[in-house]
There are 2 protein chains.
Amino acid sequence: MAPGNPEHQLLVEPVARLIDELGRLPGIGPKTASRLAFFLLRADEDQARALAHAIVEVKERVTFCSRCFNITIGDLCSICLDPSRDQGKICVVEVPLDVLAIERTNVYRGLYHVLHGHLNPLEGIYREDLKVDALIARVHSEPIQEIILATNPNTEGEATAFLILKDLAPLGVRITRPARGLPTGGDLEWADPDTLSSALEGRREL
Amino acid sequence: MAPGNPEHQLLVEPVARLIDELGRLPGIGPKTASRLAFFLLRADEDQARALAHAIVEVKERVTFCSRCFNITIGDLCSICLDPSRDQGKICVVEVPLDVLAIERTNVYRGLYHVLHGHLNPLEGIYREDLKVDALIARVHSEPIQEIILATNPNTEGEATAFLILKDLAPLGVRITRPARGLPTGGDLEWADPDTLSSALEGRREL
């Protein structure tokens, strides 16, 4: 913070710093950061402290599962610890939020593996930044029959799935990818050509 | 947080709580709150702690000016402490961010008075929730010649300006309101009828 910046002087230093810190969050621009900072300034003491405390608690208590890299408090996550889950299937996802999205469907009862990102050489994210070797080690040491590559259906997700496919193909497990097609509730008229061609190619008998 | 909620169990409690707290911020819905929580979970320790610390610092160190209710660290804000400001003018605004917006123009060199809100009976915000009495006291005790009512040019802002006008009219100070008209860089074609009629009514000789 430049001491000569009249804006910062007017803002008073702790408010300027809070705006700076909020503005470092993804999707929070300078205007939203200002709005949030002034909201917190006027919010009641308890609400502001609860937020600050929740941030610190997450950093102090939450870690990643040593097997699948989902979020956890202990060594293994609640899914890895659940003996009722199908131990022969691993669903590979990019981030822990994807685990939640799939759990909400209630159709999948296997295990997960969180890569913590996707390939993106432009952003400097390479194979070694993802939990790919740990996945291959699991295929060797666990009774895995199927790997579902549920990385995002976009360029980076496809590249990541292809990378993993190359590594896993020689190991003789079944490798699948979720179907591409029209989203439920969507409008055929507004579907992009890629989605529509996937939907036509993947058409099923009624 | 319901202990039986499987989503919260999957999320692990500190993450669920952080999502709850972030979701209480204005304009942050559940999806954004999740995204921010998982960003903080993966962000480096220093960044997360700096944010938590900035929130606590704002609550501990920043307060409101005892004269104009702008933000300040001490008793009076930097504008009230500046003897070069025109002590005969008060610009009345709704929130401290409005002070910044006006300071950025560099055309106003008087004082401010922050109401901390606008009239909104539907949200339970009445005259006594705003710093109106403090403003009237200032007009009595300070050498004020002009009050600029710079509340927002919307329904609540107009109602607030009208309320203050009623109180100040008997005191014999000049009371003004910023001009309404077409915004610079705007498109006449896209101007709403209210703005356009204000612009026509307020037309000036060239």
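Excluded from the calculations below are hydrogen atoms, water molecules and symmetry mates; all remaining heavy atoms, backbone and side chain alike, are included. Within every chain, numbering begins at 1; the chains are lettered A, B, ... in the order of the sequence lines, protein sequences first and strands thereafter.
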Contact residues of residues 32-41 of chain A (partner chain B; heavy-atom separation under 4.5 angstrom): A:Ser34, A:Arg35, A:Leu36, A:Phe38, A:Phe39, A:Leu40, A:Leu41

Testing the basics here: between A:Val56 and B:Arg49, what is the closest heavy-atom pair and its distance to 0.1 Å? CG1-NH1, 3.7 Å

A:His116 portion near chain B, given a 4.5 angstrom heavy-atom threshold: both

Going by heavy atoms in the side chains, are B:Thr63 and A:Val12 under 4.5 Å from each other? no

List the steps and the verdict of side-chain contact (heavy atoms from CB on, under 4.5 Å) for A:Ile28 and B:Ile28. CA-CA 10 Å; A:Ile28 308 284; B:Ile28 306 286; 4.2 Å; yes

Nearest atoms (heavy-atom pairs only) where B:Pro14 meets A:Val58: O-CG2, 3.3 Å

When the 4.5 angstrom heavy-atom criterion is applied to A:Thr72 and chain B, the contacting part is backbone

Just give me the residue among B:Ile19, B:Leu25, B:Ile71 that pairs up with chain A most often, heavy atom to heavy atom, under 4.5 Å. B:Ile71

Heavy-atom pairs under 4.5 Å with chain B, option from A:Glu60, A:Arg24, A:Glu45 with the top count: A:Arg24

If you look at every heavy atom in B:Arg61 and A:Glu13, which pair is closest and at what distance? NH1-OE1, 3.3 Å

Work out which heavy atom in B:Val95 is nearest to a heavy atom in A:Arg42; give both atom names and the distance. CG1-NH1, 4.5 Å

If you take all heavy atoms of B:Ile55 and A:Ala48, which pair is closest and at what distance? CG2-O, 3.4 Å

Is it true that atom CZ of A:Arg174 has more than 12 heavy atoms of other residues, nucleotides or ligands lying nearer than 6.0 Å? no

Do the non-hydrogen side-chain atoms of B:Leu18 and A:Leu51 ever get within less than 4.5 Å of each other? yes

Residues at least two apart in sequence or cross-chain that pass side chain to side chain contact (heavy atoms under 4.5 Å, CB included) with B:Ala50, listed by chain then number, are A:Glu21

Cut-off 4.5 Å, heavy atoms of chain A, and the answer for B:Asn106 is neither

Leading residue by heavy atom contact count with chain A [cutoff under 4.5 Å; candidates B:Ala43, B:Pro26, B:Gly27]: B:Pro26

Counting only non-hydrogen atoms closer than 4.5 Å, does B:Gln47 touch chain A with its backbone (N, CA, C, O), its side chain (CB onward), both, or neither? both

